[in-house]
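One structure is given here, and the rest of the page talks about it.
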Amino acid sequence: MEKKSAGAVGSGDGSAPPGVPSRNNKPRVMNISTVRQTSGDAEADSPTGSHVEWCKQLIAATISSQMLSVTPDTSSRDSKVCKRPELRDTMDEVHSYHCDSDSEIPPHALALRDRTKEVQMDEVPLVPGETVRAVAKDVMYICPFTGLVTGTLTCTDYKLYFISLERDSPFVLDVNLGAISRLETISVQSHGENTQGLEIVCKDMRSPRFAYKAEDGSQPEIVEVLSKQTFSLSNDLPLFAFLYKEEFPVDGWKVYDPMAEYKRQGLPNESWTISKMNGMYELCDTYPALLVIPASIKDEELKRVVAFRARHRIPVLSWIHPESQATIVRSSQPLVGASDRRCKEDERYLQTIMDANAQSHKLAVFDARQNSVADTNKAKDGGYESESFYPNVELNFLEIPNIHVMRESLRKLKEMVYPTIDETRWHSAVDQTHWLEYIRVLLAGAVRIADKLESGKTSAVVHCSDGWDRTAQLTSLAMLMLDGHYRTLRGFQVLLEKEWISFGHKFAARVGHGDDNHANSERSPLFVQFIDCVWQVTRQFPSAFEFNELFLITILDHLYSCLFGTFLYNSEQERVTMEVQNKTVSLWSYINSQPDDFTNPFYVDYEHHVLYPLASIRHLELWTSYYARWNPRMRPQMPVHQNMKELLFLRAELERKVEELQREASSSRGSLSSSSDHTSSPSYSGGTPLHTTV
Amino acid sequence: MLSNLGSGGGKTAKPSFVSYVTPEEIKSEKELYKKENQPDLLPGEVVFCSASTVLKYTQDELSQRGVFGTLLCTNFRVSFVSDELQAEETCKVFKNKLYDENDIPLACVDNIYGGYEDKKKLITGGQVKNKYPSKMIIHCKDLRVFQFSLTYSKEEDAKKIFQGIVHHCLEPKSLRCVYAFSYCESTSCPEMQRNERTMLFDCPEDWTKDMKRIKGNCRLVTENSNFQLSPKLPQFFIVPSNVSDEDLTKFQGNGLPLWCWSHHSGCALFKTASLPLPQEDNVSQKYMDRMLTAVAHNHLYSVKTEDLSDTLPTVQDIQLSYNKFKQFFLIDNTTEFWMSDMKWFSSLENCGWLDIIRQCLLKAVEVVECLEKENTNVLIMEESGSDLCCVISSLVQLMLDPHYRTLLGFQSLVQKEWLVGGHAFLDRSNPLHLKEKVESQSPVFLLFLECVWQLHQQYGPAFQFSETYLTVLSDSVHVPIFATFLFNNDCHRASVLRAESPSSQRALLNCPSVWDWWVQFDCGAQDLFINPLYAQKSRHDRSQRKSHRPKHQRQLSLPSSAFKTPSKKGFFKDEADSLKKILGAKRISRWMVSPSSDYPPTSSAKEFYEAWQTNPLDYHGMLLPCLDGPSIRVWMQRYLRWIHDVQILGGGPVAMLSKVSELLAEVQEMRSELDRHACSATSNHRGAMTRTRAKTTAEDSSRSSVRLSSSFPFVTSRNWSFKPAIPTSMLQGLMMTGVAGDLASRDDDGSDPGTMV
């Protein structure tokens, strides 16, 4: 497709007046005040080759719009180059419209759109609390898959909405403002017109491009509004989650109650206590208010340990094995420093953790970092537990690269899957991104931790540098493998609320909600990587999880969307200060209001079976249904689980029928047999959506 | 079914096939083994040589652990009989009756390596002298790897067994020596249970039936029933109705278009072996013209030809690529495995196997497009007419005709296109190790199964057979018992079987067909051939399709119906003229007549796919594979099943499938319940009882799905307690290869403390 539009450009150039080309075709990068754009970043994100491509696309757009508007009668003859893809694409759009409802638009918005569909096709469907901020007509969307479409672009305070009615069925493109990482505008002079291009670089693996005429300067208004609304925090505007007014029958904020969760794990017990020392976040401002610590530790001792751990993130319990009492403990790195400082209290603290588990006389410390990096950290006042100072501790490095490496890897991945996929070089391209390699290292690390607890019956202390990125990834993955509860729909929500949200994974910094500094090195797709790992495990164990792929994709969509308060801010303390629970809606309210959409029909309760996913590249796969979902060719027409859902439905139906008949038969035998015969027959013909064989 | 074989092996006192019922029986059976240290010999099986106290390394662990036992070589297999009792065999559901996990049919041996101290050397036949290696590594064609240590056995025995195995596995031998013949002579299957519904296409009725089902209107040729026309042609075949009698005999069947399948619009797919290079006399060219005319006459006077040898990889390319590909799965030890894991995707791409699969599927899509969209007849050709022609024609039929996606339909398809179609199975797999045939070795049939698997994994519910079925079929090619895969063509098969027949002159030796699955598996195991996800066709579906079809057809056939109006003769003449011209210029050109050749064929196939993709998926309609990079995958079950390190315990697709089967069983149960209720409303008590029973069995099976591994049913997990596979050498080299070296050394947050909120 990409090639075809390039071809169209070629012929467009040919028909252009011979005098114009070289000077006017030269692209000019235009800086709009609100759009931050440093040349270095632009290069990093879009290589020069794609930039040229982009300009060509714009010129093609100009030509086609000229032909459509100036000489509409002759267009059928002249515009063969650009018309052809459109003709061909009418069918495609029918599909992509339908598919939009699957993935491009969050499903709740879909429900809303269904409501409004009857009213007006070109009316923008709004969620409660959403307002339209700017509208621009005659904007061209340069669809990388189906060619140019002209339509209306609307910017609200929640999303960017493009609709075109020029084809048989409406074409809709919907981008949540929260998913936008960067806006880039260029302006191209060609054929006597000044065409503006707008590229919307998104965090969710796409970069839609629009073109519009820059006539009297009325149009660029939408870009300014868009930029202001997108980077709301940088413009002193609230995040949309605070404006969202939807009401759900279920309150998702009630999903996670730390007390209840610890109670489920059998805590407190004689060795572990639930401490409220951090009730006002005075001990550690990035930890939750409730912490599980060894019962025998005195307050003064704890204070020393606090001082010895980076960012005061002391070792606290995450999970306890119901049988062996082995625990997963998370923390940050100890502040050992180049001079090998020691902290008696910290050493005793770890000893107490080991003693809490009578089954083992060892304690495994898993440092997520690469050994070399940990050494560097040590020189900079950080460090790791030395086996000579901490008796009975065995130290393992899991060799996981840091957040910057992961960010870079995902950037490469995006280049690979958007907009088009090179089919013959696909596999080596996957290798070159290293994305799956990192997934493998993470899974391998988590398997080692899980195995240490399960087979080794030994407690594990997990940390990286600060204990909020790789540590969260590892502990939550290990818990997912060890504890079947976390593999349920509700349990997984608890896992995220606990290990990620309450323990201070810096969502705001890593995602950059409403922040215009797209080049901030704090940003990194660690949570995406974690969800990818979970997806890999669900693929290896297709019936061990109660939730389905849509659930995972929905979580990732709302990681960016800012529709719900769930993933906003960096720590529990910040969330309490901002009154997130009172002022915003939880993602789980939405999910748990329609759990059927997110349940895996193949689910079998594995109970206490530990899942050991295989950390081999051979069993890992690129999650194309997430990363490449914007490509219409990558969309499955009908997922297999659809069949299964029908089967389940059929079973329920039959179950009902059987019970009904039994009741009938027992209440009045014989006489009603003919009528029961009558009722059962429709279920045979009409109620069999799935045609099964045995 | 079982009794059939059992009675066959009447000579031996011990029954050949043990149906293991009670553990006690097995135990006594096992003790017997221990005394004799001989496997259960099949009828007609003879032990050539054996050696005791051979150590078989257990692959499972890196450790040099193993099991002692006796290694034997018979005329059927290389067999290892363990000295230890193995209790786990009791729970094996999926047991092959002919050979078990420690047996290697001779034809299944791929390569033998000798381990001399630390060196591993490929053994080739003929050069085995007095020296024998301390370790023998056998790579099998079904991708198993065996490692035997000969150091503990008597020197004499060790030498004998090594030389024996090498001799029988690697040296050239005659077809007569293949075990199938001794097997068939001694089993004397009374009347081979002819599977009613798998059409073998060895009689005119099968052809007529098939043509009738598809509504083709071509001519059945019966004149070759004794191969008097040509030994290369099948006994019965179908040609365009316009082919004259005298043309049938020319060029020994080369250039003769053989009918494969007819589209409902009337156009059809034909295949042919291309003629030798055009000679001066023009005879062959004229003949080819006549044949094209005949094909064109079949429907609307249009024909497209495609020479597959020009556009697809050669059989040698296929062989080369597969040889590289299979090496990734013939893993000697864990370290090697994890090392190769590092560059997995790149090495996968480099061997090109997946790309060959993609090319074949793409070609098939192009042919489908011609038939479905343009309604032109298609003639595919290649040198032999029985390699890639078979791949493409059978793929096209699978994509277009849901009948062939049923188990029996698929078997009929293989029978029609591959067996009767004259694929040279013997030459392509070369189980006789004939030196002159080494060049012609190529896994073409496997390539076809790979393509089918790709379709299967993309559109699972469209297929009645399972992935396991395909895997087993790919293994069965190397089990030298079935007449199916032993010959080069119909004529060859008939002549050999006639010569070998013990009885009267006319009768053929009764050799089982691979479709007689009971020879290999009992009924319980055969259940695994059925795909529980299969969406069976219903009346409802059919009516929907009918209402859908005509409209669809009208739209698509518009260009060709426009051609209908001019006088048929005149139009056709033009066509023929142009055909001639092109033929004159080049032997065969690609897609000679293409009314709308604005786009190169590849992109048009892409559009064709995209247009099809926009319609709702009908599992009983046309299926087109998605060919984008991520969609072409590795056939995990076939290739990874024996590698212990990649077995997912409690996982893999089987976990899902068993859940479906369980649900289906429940639904079935309830349906019959409803039936019973409908019959008599008094049986409520009995009904309630069966209900609860269904529930408990369901629970049992869900338990078991937790215990199955991704290698099910080929490897059953021995014990639940196990260590997870943790990659060794996990990250070494990652930092070197990692591009972002400077990034890696950066602190997570340290760079800019000011940004911390």
Side-chain angles (χ1 to χ4, degrees), chain A residues 91-92 94-95 399 401-405 408 421 423 426-428 430-431 441 444 447-448 451 465 469 508 521-522 540-543 570 602 604 606 609 612 614-619 622 624 633 637-638 640 643 647 650-651 654 657-658 661-662 665-666 669 673 676-677 680 691-694, chain B residues 341 344-346 348-349 355 460-461 533-538 607 610-611 613-614 617 626-630 640 646 648 650-651 655-656 659-660 663-664 666-668 670 673-674 677-678 681-682 684 687 702 705-706 724-727 730-731 738 740 743-746 748-749 751-752 755 757:
Chain A
M91 294 266 278
D92 293 38
V94 184
H95 177 60
E399 305 286 331
N402 65 21
I403 65 165
H404 311 293
V405 175
E408 182 62 16
I421 291 172
E423 58 185 48
W426 166 260
H427 286 104
S428 52
V430 172
D431 256 0
V441 178
V447 166
R448 283 177 68 180
D451 179 52
S465 299
D469 291 316
S521 68
E522 285 262 310
Q540 292 191 16
F541 300 92
S543 55
N570 286 328
F602 300 109
V604 174
Y606 275 46
H609 276 291
Y612 290 122
L614 267 169
S616 157
I617 295 274
R618 285 165 172 80
H619 274 307
L622 197 74
T624 44
R633 291 169 62 88
Q637 282 157 297
M638 191 197 289
V640 164
N643 255 334
L647 188 57
L650 177 66
R651 182 182 68 163
L654 283 168
K657 277 267 122 74
V658 168
L661 279 171
Q662 276 174 350
S666 58
R669 357 184 102 199
S673 65
S676 72
D677 202 28
S680 72
H691 316 292
T692 50
T693 172
V694 175
Chain B
D341 207 42
W344 171 240
F345 285 113
S346 302
L348 203 58
E349 186 178 292
D355 198 50
L533 282 173
Y534 181 53
Q536 212 167 43
K537 199 165 175 170
S538 73
E607 278 164 33
E610 275 165 15
Q613 201 204 16
T614 56
L617 180 59
C626 178
L627 298 175
D628 282 308
L640 296 184
V646 278
I648 310 170
M656 186 176 81
K659 168 86 178 172
V660 180
L663 257 185
L664 279 170
E666 268 178 58
V667 166
Q668 194 65 16
M670 278 190 275
E673 189 94 347
L674 279 176
H677 272 290
T682 47
N684 53 332
S702 72
S705 88
V706 174
I726 293 168
M730 229 177 5
L731 258 184
L743 284 183
S745 54
R746 264 165 73 180
D748 272 3
D749 303 310
S751 59
D752 194 3
T755 56
V757 194

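- B:Asp341 approaches A:Ala615 most closely through the heavy-atom pair OD2-O, 4.2 Å.
- Between B:Pro630 and A:Leu622, every side-chain heavy-atom pair lies at or beyond the 4.5 Å cut-off.
- Using a 4.5 Å cut-off between heavy atoms, A:Ile617 touches chain B through backbone and side chain atoms alike.
- Within the 3.5 Å criterion, the main-chain N or O of A:His427 finds a donor-acceptor partner in the side chain of B:Glu349.
- Residue B:Asp628 touches chain A through both its backbone and its side chain, counting heavy-atom pairs closer than 4.5 Å.
- In terms of modelled atom types and a separation under 3.5 Å, the side chain of A:Tyr612 and the main chain of B:Ile648 share no donor-acceptor contact.
- Note that the CZ atom of A:Phe602 and the CE atom of B:Met656 stand 4.5 Å from one another [nearest 0.5 Å].
- Contact tally against chain A (heavy-atom pairs below 4.5 Å) for B:Asp355, B:Leu348, B:Val646: the top residue is B:Val646.
- Residues A:Tyr606 and B:Ala655 come closest through the heavy atom pair OH-CB, 3.6 Å.
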